[in-house]
Amino acid sequence: MIRLKIILLTALFLFPYITTYGQQSERLRQGWEFLRSDLGGIWEANRDAKAGSSETVPIWTGVTLPHCFNATDAVDPDVNYYQGPGWYRSNLKIENPYKNGRTLLHFEGAGQKTQVYVYNTKVGEHVGGYDEWTVDITDAVASFRKDSVFSGRFRGRIPISIRCDNTRDLEMMPSDLSDFNVYGGLYRYLNLVYAPQLSIDKVFALSEVDAKGRQGILKISSRFYNPLNIAKASVNIKVIDPKGKTISNSQKSIIGLKLQEELAHLKVTKPTLWSPETPNLYTVEISVEQNGERAVHTEKVGFRNFEFVKKGPFMLNGKRLLLRGTHRHEDHAGVAQAMTEDMIRSEMKLMKDMGVNFIRLGHYQQSRIVLNLCDSLGIMVWEEIPWCRGGLGGEVYQAQGKRMLTNMIEQHYNHPSVIIWGLGNENDWPNDFTTFDQGKIRTYMSELNSLSHKLDNTRLTAIRRCDFCKDIVDVYSPSIWAGWYRGIYTDYKEVSKKEFDTVDRFIHVEWGGDSHAGRHSESPDDALSKVRKADSADERAGDASLYGGSARVSKDGDWSESYIVNLIDWHLKEQETMPWLSGTAYWPFKDFSTPVRPENPVPYMNQKGVVERDFTRKEAYYVFQSYWTEGLMAHIYGHSWPVRWGDKGHKRMVKVYSNADEAELFVNGKSQGVKKRNSQDFPASGLRWMVNYQEGNNEIRVVAKRGKQTVTDEIRQEYQTAKWGKPAKLTLTKLQEADGKITIEAKLLDANGVLCLDAKEYVYFGLTGDGKLIDDQGTSSGSRKVQLYNGRAVISLYTNKGKSIASVKSDSIPTQFLNL
């Protein structure tokens with residue numbers, strides 16, 4: 001039986017170079033070579049290859065870790081992304097300072113099946129692309145040092161070879177039917193760790209507190225790494241509060257050392273609580289000494305109490321809190337899954353600045369860096385295993401799921417940010433296996449649910465979109481896509497309440513819709529007139545397709561930022577009036593690549609993010625800010641909308657998204673009046689004006705106020721009254737040049753040279769000469785094949801200090817060239 005008034009937790013805090021065993025550690029980033037294919041055997045990675053000899057083939061290329069096989073081909077419009085084996089190799093200088101110490105390779109994640117070799121000896125392997133794991137290479141290194149090639153050809157270095165493989169495999173999670181790429185490579189950090197004979201594998205720190213925050217309890221246990229079976233050790237346990245004051249310092253001598261030991265059970269009176277507003281963290285420092293050697297392990301601990309009220313909202317530390325969430329895929333322009341720590345930090349800070357207090361990590365265990373940032377920034381977490389789509393495999397498949405769940409919980413057990421362990425996603429989606437048996441899926445889901453509670457009875461379990469299993473888990477999220485895959489967005493509150501009434505504990509994760517960055521519309525809601533009001537907004541089979549079936553905005557809409565801004569605005573204003581709602585999570589925060597969407601405006605991209613794949617903010621980002629943030633902000637809709645259109649004298653709506661009390665709009669220096677903000681006055685919370693644009697250039701400025709605070713925003717827009725006909729010709733011009741980089745712009749015009757502002761045709765950029773297109777980025781301005789946004793598209797290129805000829809073409813339109 002699981003306790004719903006919880007307890008919490010702690011946060012695994014590890015310095016940038018500290019790993020699971022955490023003694024002396026360094027990230028192995030430089031000096032690696034990569035081969036995107038298989039080898040005939042491990043000897044091919046190590047044989048002596050003299051310049052010009054046949055042994056130099058196949059050719060390896062230098063790379064920096066982290067590295068992903070699919071850094072660019074995941075969004076190459078002309079190919080399927082590579083799925084197969086790839087090899088990495090490097091020669092490491094290994095000098096363990098500990099007498100009889102252990103030398104370890106610690107993988108923070110590698111996709112998807114991995115084998116590790118020291119010279120020609122296989123020392124370890126792992127199946128699963130997202131959990132952490134470690135290989136002890138001590139004995140293999142010692143053995144290789146005895147080989148003459150160690151001091152000869154390898155000059156005192158240790159050859160390490162690693163084979164990663166993301167080949168399609170029906171008996172592996174996640175399914176290749178999933179709406180995300182199953183990447184390959186060493187796409188998270190790889191660490192070389194030196195540990196003493198006895199070190200700490202994991203620390204489990206359970207911090208509980210009552211809802212009123214009066215009494216906290218901290219229970220600490222440790223799992224040791226003890227390959228030499230050392231029997232005695234001395235352990236010191238220190239606890240430091242968020243202000244740096246030591247509140248406990250105890251010593252424990254252990255004789256007959258077991259694999260796992262209970263170390264401390266402490267009472268903490270009136271602990272300083274962790275919350276999104278005040279993410280206070282305690283420090284737990286554990287040191288273990290034996291034979292004169294000392295190993296230290298540090299954790300960050302947070303006290304908080306949460307509850308999903310039965311048939312009600314979410315409570316944190318005794319008070320109702322609306323979970324304001326989003327989702328994260330590990331994916332970025334130019335690197336795919338191999339995001340650096342700086343990239344991850346930038347992304348998480350962007351989320352926090354948008355007002356996020358909750359995140360679902362979809363659909364797999366993510367980097368320790370993400371969890372550490374969630375702890376320190378104050379973002380609550382739903383983290384899940386990658387049982388996603390496809391059905392249920394056999395014994396190997398099911399064992400992997402349980403292993404990944406165990407690893408995820410044990411590795412992230414201490415993070416105060418985590419409140420939910422996710423057991424699956426869209427498990428009602430068949431087609432990986434000849435049979436689809438709901439009964440067997442229910443049985444397996446029940447086994448995962450029991451395992452999760454056994455490993456950790458302080459968090460809840462949840463799944464999304466598998467109605468025939470919704471009674472098994474603690475919290476359920478149905479599939480509700482009001483205004484995108486089903487119905488219209490004004491259905492949202494009604495259909496959500498119907499779903500809420502069917503379960504004990506409800507949360508709504510995944511809502512929103514796609515938007516092609518830079519595409520805007522003067523009449524974005526037109527598609528809604530074609531769509532039937534639905535009894536349910538549940539996504540059904542085929543709804544994500546761009547073909548067939550009933551009318552739906554995802555198929556029949558314009559994919560404009562203008563429409564998505566309205567959809568989001570409506571959802572957010574409704575959420576403020578749903579007192580029974582625990583919370584929601586918008587899908588997703590950032591556009592990400594997917595193999596199942598080749599025909600999207602940016603091919604192979606899921607474009608539902610509020611920022612693009614390179615962190616460029618879409619207009620929707622500011623809608624969330626206007627509802628969710630405290631710091632004064634104001635944003636005029638249309639920063640990426642250079643040309644508006646309509647008849648002369650025809651008034652156009654200008655919207656301002658702001659959390660100010662009031663705002664005054666100026667168009668070409670003339671005041672359009674002051675508006676008061678009211679979140680229930682849709683759209684834009686009443687901050688909207690109908691204005692006359694002048695032909696040509698217009699300057700729009702807003703001054704927003706809250707008390708004595710003032711904030712301003714301004715944009716420039718052209719207004720086009722000329723009507724356009726059938727698209728007839730393309731133009732290609734240079735927009736700017738700086739630091740060896742040129743940006744070019746294509747436009748589609750009619751026969752009279754009028755810009756076709758509703759044009760959505762695909763255009764294809766090309767380049768010949770010395771330069772290089774900056775393409776395969778998965779962004780609206782970084783793809784050589786891309787749909788136009790309001791009759792235009794841009795791309796950039798590196799000149800490489802030479803000359804090039806750029807081209808742009810579109811079906812049935814003459815190709816245009818530009819000398820650069």
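This chain uses plain numbering: 1 for the first residue, then up along the sequence. Note that the structure is a prediction, hence the values are computed from the model and not measured.
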Query raised in the report: Of L581, I359, I507, which meets side-chain contact (heavy atoms from CB on, under 4.5 Å) against L323?
Result: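 Exactly one candidate clears the test, I507.
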Report task. Check whether the ring centres of F303 and W274 lie less than 6.0 Å apart, and answer yes or no. Result ->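 Between W274 and F303, which both carry aromatic rings, the centre distance is not below 6.0 Å.
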Requested in this report: Give me the ring orientation class for Y622 and H635: parallel if the planes are under 30° apart, tilted from 30 to 60°, perpendicular past 60°.
Outcome: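 Correct class here is parallel.
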Requested in this report: If the plane angle is over 60° it's perpendicular, under 30° parallel, otherwise tilted; pick one for W587 and H327.
Outcome: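 The rings of W587 and H327 stand perpendicular, inter-plane angle above 60°.
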Query raised in the report: H520 and ring-ring contact (aromatic ring centres under 6.0 Å, His included): which partner among W559, Y563, Y637, Y789?
Result: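 It is Y637, the one option of W559, Y563, Y637, Y789 that forms the ring-ring contact (aromatic ring centres under 6.0 Å, His included) with H520.
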So, applying side chain to side chain donor-acceptor pair (under 3.5 Å) with [X], which one of [options] is it?
X: Y476; options: D471, T502, D467, D504; answer: D467
X: S521; options: N566, D558, N790; answer: D558
X: D681; options: K676, R688, K675; answer: R688
X: E426; options: R389, H363, R465; answer: R389

Query raised in the report: Out of curiosity, Y627 OH to L572 CG, how far, rounded to the nearest 0.5 Å?
Result: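 Y627 atom OH to L572 atom CG measures 6.0 Å (nearest 0.5 Å).
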Report task. First locate atom CD of E574, then atom OG1 of T584, and finally report the distance between them rounded to the nearest 0.5 Å. Result ->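 Nearest 0.5 Å value for the CD-OG1 distance: 12.5 Å.
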**Report entry** Test: D591 and K618 ion pair at under 4.0 Å
**Finding:**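 Answer for the salt bridge query: yes.
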Query raised in the report: Salt-bridged, E662 to R677, with N to O below 4.0 Å?
Result: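 Between R677 and E662 there is no salt bridge, as every charged N stays at least 4.0 Å from the carboxylate O atoms.
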Query - Heavy-atom side-chain proximity of I636 to W641 below 4.5 angstrom - result: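 Counting from C-beta outward, I636 and W641 never come under 4.5 Å.
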Query raised in the report: Are the side chains of L316 and N305 in touch, meaning some heavy atoms are under 4.5 Å apart?
Result: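 SC-SC contact between L316 and N305 ruled out.
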